[in-house]
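Heads up, the thing below is written out as structure tokens.
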Amino acid sequence: MVIKSIKLTDFRNFSHLNLDFDDKGSVFYGKNGIGKTNLLEAISYCAYGKSLRSLTDIDLIRVNQPFFQIRAVFIYKGKKFLLEAALDRKGRKLIKVNNSRLARVSELYKYLKIVYFSQDDINLIEGPPKARRQFFDMAISQTEYAYIDLLKRYYQLLKQRNALLKTEYSSTEKQAWDTRLTDVAVKIIDMRISYLTSLNRGLQKHYESIGYTSEEVEIRSNFSFPYSSDKDLLVVFRSEMQRLEEDERRYQRTLLGPHLDDYQFILNKSSINRFGSHGQKRCLAIAVKLSLASLISSSDPTILIFDDVLADLDEQRAKSIIESLGSNNQIFIATPTPSLYKSMDLPFIDIAQIGDRT
């Protein structure tokens, strides 16, 4: 899959932009603040239907304008698609593919597969558990679309069960909700475990490709309840839910499950947050994204976006990292120093020469 063109109206600092893309991608260059990252964000919006940089999509609307619009043409499995996305200041969002409105933003996951690398990736390791859960939930959804419906169902059941815990419920009523929640929770946890196993297979290789050849890395599940792989997950989950019944009655909320689980990044058998340097954390975060990209591109060509994350690496190493992901991917790089990527076979686009901006 590749993006062939994009047209922006009042998106971030662009009042108008109309740009065609090479199937290989491009290197966008120019001074800081000119709009390189904004263009990358617009491209990624086509896959996620939301901003990966802002808490609210309203921030994407150009100052003093009523709405933004994105029109992008992309090729998926040999067919051409037109994607249109728009949002106004009241938060009303419209996303269409080939003139058909999407019922849910998550339907975009069926089409474009984008992995976005940024300087903020270290927050995957240093940030809060909620951010890690969201990252891995999005990652799993890109390869297992059914996972999205499982998550939606789980959080609906969780909301209803928490409401029940705030009432004078009967044991029969609670048992029914316990069974429903447990069945979905176990399926989600199973899918997360399976995905993490696949991700870890490539993680060590990608971490070594960045330059750390004498260290071992992996990601482990950090469950909200005592569990080990030699036990039956369903049995353990049910048992722990029964054990926590009085605590849940007192706190009036569900105290175990996928909404509370976390992920732990391990360096040489210990938590990287305890013993790892800033550089090691940053490189491990890049390696996680590289491993994610490898999983996606093993079945579908992938769009890789690098928001100047390779600038701290030497040119040969940066090139080796990108080449390790195969030649079928479309690659977009934003940088203020294009000379770092001069050996790469990609078109170079001077951001100062395209579009109208404020």
Side-chain angles (χ1 to χ4, degrees), residues 2-22 25-75 80-109 111-112 114-121 123 131 134 138 303 305-309 330 332-336 347-358:
V2 295
I3 292 184
K4 300 295 291 184
S5 65
I6 196 165
K7 181 179 181 180
L8 306 181
T9 302
D10 293 326
F11 184 93
R12 288 289 195 186
N13 69 330
F14 290 102
S15 56
H16 297 284
L17 181 141
N18 198 344
L19 191 61
D20 294 328
F21 296 127
D22 188 280
S26 295
V27 175
F28 304 126
Y29 67 94
K31 62 183 181 181
N32 290 330
I34 200 169
K36 302 184 301 296
T37 296
N38 294 345
L39 178 53
L40 296 183
E41 187 174 22
I43 295 172
S44 67
Y45 199 94
C46 298
Y48 297 108
K50 66 177 184 178
S51 170
L52 298 182
R53 298 171 57 213
S54 300
L55 293 177
T56 171
D57 283 1
I58 293 176
D59 293 339
L60 303 177
I61 304 173
R62 194 166 69 93
V63 176
N64 298 325
Q65 298 304 311
F67 66 91
F68 78 75
Q69 184 182 56
I70 300 172
R71 290 171 58 90
V73 175
F74 64 92
I75 305 297
K80 182 181 289 188
F81 292 85
L82 170 65
L83 181 144
E84 299 169 278
L87 180 85
D88 66 18
R89 291 201 174 275
K90 292 184 178 181
R92 293 175 295 196
K93 183 182 293 187
L94 174 66
I95 299 180
K96 297 192 295 184
V97 174
N98 284 354
N99 296 316
S100 295
R101 183 170 185 172
L102 302 187
R104 295 184 298 172
V105 171
S106 59
E107 290 182 46
L108 287 174
Y109 285 31
Y111 302 102
L112 293 174
I114 288 179
V115 181
Y116 193 111
F117 298 76
S118 80
Q119 295 282 355
D120 294 331
D121 286 344
N123 292 332
Q134 289 177 339
M138 289 175 66
I303 298 169
I305 295 178
F306 295 88
D307 192 0
D308 206 31
V309 296
Q330 190 177 30
F332 295 103
I333 299 172
T335 179
F348 283 69
I349 297 176
D350 183 354
I351 295 294
Q353 303 300 317
I354 61 171
D356 300 321
R357 61 183 60 78
T358 55

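Residue numbers start at 1 and run along the sequence shown.
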Is there a donor-acceptor pair closer than 3.5 Å between any side-chain N or O of [X] and the backbone N or O of [Y]?
X: Gln134; Y: Ala131; answer: no
X: Lys96; Y: Leu82; answer: no
X: Arg92; Y: Arg89; answer: no

Smallest separation among heavy atoms of [X] and [Y], with atom names:
X: Gly33; Y: Asn13; value: O-ND2, 4.2 Å
X: Arg62; Y: Asp10; value: NE-OD1, 2.9 Å
X: Ile95; Y: Gly49; value: CD1-CA, 4.1 Å
X: Phe21; Y: Gln330; value: CB-NE2, 4.0 Å
X: Ser44; Y: Ile114; value: CA-CD1, 3.8 Å
X: Ser26; Y: Ile349; value: OG-CD1, 3.6 Å

Does some side-chain heavy atom of [Y] sit less than 4.5 Å from a side-chain heavy atom of [X]?
X: Arg12; Y: Ser51; value: yes
X: Pro347; Y: Val27; value: no
X: Asp22; Y: Val2; value: no

Can you tell me how far the [atom1] atom of [X] sits from the [atom2] atom of [Y], to the nearest 0.5 Å?
X: Ile58; Y: Leu87; atom1: CD1; atom2: CG; value: 6.0 Å
X: Glu41; Y: Ser118; atom1: CD; atom2: OG; value: 10.5 Å
X: Leu52; Y: Met138; atom1: CG; atom2: CE; value: 5.5 Å
X: Phe14; Y: Ile70; atom1: CZ; atom2: CD1; value: 11.5 Å
X: Lys7; Y: His16; atom1: NZ; atom2: NE2; value: 8.5 Å
X: Leu94; Y: Asp88; atom1: CG; atom2: CG; value: 10.0 Å

Check your understanding: Does one side chain, of Tyr45 or Asp57, offer a donor that lies under 3.5 Å from an acceptor on the other?
Key ->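 Checked: Tyr45/Asp57 side chains pair up, N/O donor to acceptor below 3.5 Å.
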Review point. Is it the case that Asp356 and Ser15 place a side-chain donor and acceptor less than 3.5 Å from each other?
Key: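 Side-chain D/A pair, Asp356 to Ser15: absent.
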Practice item. Please step through side-chain contact (heavy atoms from CB on, under 4.5 Å) for the pair Asn99 and Glu84, ending with a clear verdict. Key: CA-CA 8 Å; Asn99 296 316; Glu84 299 169 278; 3.5 Å; yes
Practice item. Hey, can you tell me if Phe28 and Phe332 have their rings parallel, tilted or perpendicular (30° and 60° cut-offs)? Key: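 Rings of Phe28 and Phe332: parallel, as their planes differ by under 30°.
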Exercise for review: For the pair Phe306 and Phe117, name the ring-plane relationship: parallel under 30°, tilted 30 to 60°, perpendicular over 60°.
Suggested key: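 Parallel.
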Exercise for review: Go through the steps to decide whether Leu83 and Arg71 satisfy the test side-chain contact (heavy atoms from CB on, under 4.5 Å), and finish with yes or no.
Suggested key: CA-CA 6 Å; Leu83 181 144; Arg71 290 171 58 90; over 6 Å; no
Practice item. For Lys80 and Val73, run side-chain contact (heavy atoms from CB on, under 4.5 Å): C-alpha distance rounded to whole Å, both residues' side-chain angles, the deciding distance at 0.1 Å, then the answer. Key: CA-CA 7 Å; Lys80 182 181 289 188; Val73 175; 3.6 Å; yes
**Study point:** Qualifying residue for side-chain hydrogen bond (donor to acceptor under 3.5 Å, both in side chains) with Arg53, from Asn38, Asp59, Asp307
**Key:**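 Looking at Asn38, Asp59, Asp307, the match for Arg53 under the side-chain hydrogen bond (donor to acceptor under 3.5 Å, both in side chains) is Asn38.
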Practice item. Step by step, work out the side-chain contact (heavy atoms from CB on, under 4.5 Å) result for Val105 and Lys50. Key: CA-CA 8 Å; Val105 171; Lys50 66 177 184 178; 5.7 Å; no
Review point. Is the count of non-hydrogen atoms from other residues, nucleotides or ligands lying under 6.0 Å from Lys93 atom NZ greater than 12?
Key: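 Atom NZ in Lys93 is packed in, count exceeds 12.
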